[in-house]
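Since the structure comes first, as structure tokens, the remarks are kept for the end.
Bear in mind that the values here come from a model prediction, so they are computed numbers and not experimental data.
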Amino acid sequence: MKGNNKIGLALSGGGYRATIYHLGTFRKLKELGLLNKINVISSNSGGSITAGCYSLYHKDFDNFESIIKNGVKKEIVWRILISPIFLFSVVILIALFTAGNWVPFEWHSSVFTIINTITILGLFFFQFRIFPISKIIEKKI
């Protein structure tokens, strides 16, 4: 089967982290002159975001790179910053740092530590389980 050799690229999952990681992979393959030699791409989850975007914009790498970067910046970072749980966490952290003025010390060291821990765990649960970040990118691409 000489002459029928094909080069494949496999992209793993991992949500938005995989999307950004694979962008770096594409950039390096382009730098090495190998990107245009790839015949087939297999992907899963976050890798599919990058692969799908590349399939649409493979003729204009700069545009492809820009779309991925801007999608992550605008949709991911902004959504985290405006997340109600994130905002609530910020309020709790501010309260913790100023708690000595309106709460006895015993409360500051125990109750607020528990509240802060629950808030941070809730933030992670909300952002990565209930409202997966990779779904935002998928809708934008």
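Applying the ring pair (Phe, Tyr, Trp, His ring centres under 6.0 Å) rule to Y21 yields no partners; only residues at least two apart in sequence or on another chain are considered. S43 is linked by a side chain to side chain contact (heavy atoms under 4.5 Å, CB included) to L11, S48, A51, counting only residues two or more places apart in sequence or in another chain. Listed by chain and residue number, I7, L9, L29, L35, I41 satisfy the side chain to side chain contact (heavy atoms under 4.5 Å, CB included) test with I38 (two or more places apart in sequence, or in another chain). Every residue meeting the side-chain hydrogen bond (donor to acceptor under 3.5 Å, both in side chains) condition with S66, not counting sequence neighbours, appears here in chain and number order: N70. Not counting sequence neighbours, K30 has no partner by the salt bridge (Lys or Arg N to Asp or Glu O under 4.0 Å) test. Residues that satisfy the side chain to side chain contact (heavy atoms under 4.5 Å, CB included) test with D60, not counting sequence neighbours, are D62, N63.
Aromatic ring orientation, Y54 versus F64: perpendicular (interplanar angle above 60°, classes split at 30° and 60°).
For the pair A18 and G47, the tightest heavy-atom approach, listed with the atom from each and the gap, is CB-N, 4.1 Å. Nearest heavy-atom pair across K69 and L23 is CG-CD2, 3.8 Å.
Here I49 contributes atom CD1 and I68 contributes atom CD1; the two are 7.5 Å apart, rounded to the nearest 0.5 Å.
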Residues F61, R27; criterion side-chain contact (heavy atoms from CB on, under 4.5 Å); working and verdict: CA-CA 9 Å; F61 187 84; R27 186 183 301 149; 4.2 Å; yes
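Proximity of a side-chain donor or acceptor of T50 to a complementary backbone N or O of T19 within less than 3.5 Å is detected.
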